[in-house]
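Since the structure comes first, as structure tokens, the remarks are kept for the end.
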Amino acid sequence: MSDSEEEESPDRQLKLVVLGDGTTGKTSLATRFAQETFGKQYKQTIGLDFFLKRILLPVDLEHMRTVKADKHQRFCQENNFSSHFVSAKTGDSVFLCFQRIAADILGIKLNKAELEQSQRVVKADIVNYSQEPVTRSVNPPRSSMCAVQ
Ligand SMILES: Nc1nc2c(ncn2[C@@H]2O[C@H](COP(=O)(O)OP(=O)(O)OP(=O)(O)O)[C@@H](O)[C@H]2O)c(=O)[nH]1
């Protein structure tokens, strides 16, 4: 048993540097992660910018450690690459990306539930048009086509 709560979950500050050519989306990625916003308008960063975000990571997962790896992950691991598919616009996997990077740096293994928690689930109703009467309308109501929750 440890002496204090702080010893069990110490605050660690990580500094991540996002590098890349101009207009490749570095600022958008950082603002999506830190502020949950996305701006379509391009404003060039002069010099550098700082963003701060506090995240929680599991601190003791040794007993849950599992080995999961497909070809892609294996290739990245063997070559010491970190691989992420993200969109600053939709927010897809942005939080997950930074969470994984931070976890990697701290040597923390995230389990499946924790990884899936960061992924947004989009649900849609599929309409069977072949059974619906054909009506020709100039502006059909969009809500009758797809419901996104
Ligand atoms: N559609 C789409 N546009 C994006 C995405 N990420 C960035 N953009 C757009 O790309 C443009 C450049 O994005 P920035 O985030 O400013 O790029 P940057 O790398 O910080 O640019 P510099 O300041 O020149 O270094 C902006 O107009 C963004 O709206 C994305 O995931 N999807």
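Whatever order the structure lists ligands and atoms in, that order sets their numbers, starting from 1. Only this structure's heavy atoms are used, side chains among them; waters, hydrogens and symmetry mates stay out. The first residue in the sequence is number 1, and the count goes up from there. Just so we're clear, the structure is a prediction, and the values are computed from it rather than from any experiment.
- Within the 4.5 Å cutoff, the side chain of Leu106 has heavy atoms near those of the Arg12 side chain.
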Q.
Walk me through whether Arg100 and Leu110 qualify under side-chain contact (heavy atoms from CB on, under 4.5 Å).
A. CA-CA 8 Å; Arg100 281 178 53 195; Leu110 297 171; 4.2 Å; yes
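- The contact set between ligand 1 and Gly39, taken as ligand atoms under 4.0 Å from a residue heavy atom, comprises 28 (C), 29 (O).
- Remark: ligand 1 atoms within the under-4.0 Å shell around heavy atoms of Gln44 are 23 (O), 24 (O).
- Apart from Val17 itself, the hydrophobic cluster it occupies contains Leu19, where clustering links Ile, Leu, Val, Met, Phe, Trp and Tyr at side-chain heavy-atom distances under 4.5 Å.
- Which parts of ligand 1 touch Gly22 is read off a 4.0 Å heavy-atom cut-off, strictly below it: atoms 24 (O), 25 (O).
- Between Lys26 and ligand 1, at least one N/O pair is under 3.5 Å apart.
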Got a list of side-chain donor-acceptor pairs under 3.5 Å for residues 43-56, not counting sequence neighbours?
| residue | atom | partner | partner atom | Å |
| --- | --- | --- | --- | --- |
| Thr45 | OG1 | Thr27 | OG1 | 2.9 |
| Lys53 | NZ | Phe33 | O | 3.2 |
| Arg54 | NH1 | Asp11 | OD2 | 3.2 |

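- Selection from Leu29, Thr23, Val94, Thr45 by nearest heavy atom to atom 10 (O) of ligand 1 gives Thr23.
- At a heavy-atom cutoff of 4.0 Å, ligand 1 is contacted by the backbone of Lys40 but not by its side chain.
- Judged by distance alone, with hydrogens and angles left aside, the side-chain atoms of Lys26 form a donor-acceptor pair with the main-chain N or O of Asp21 at under 3.5 Å.
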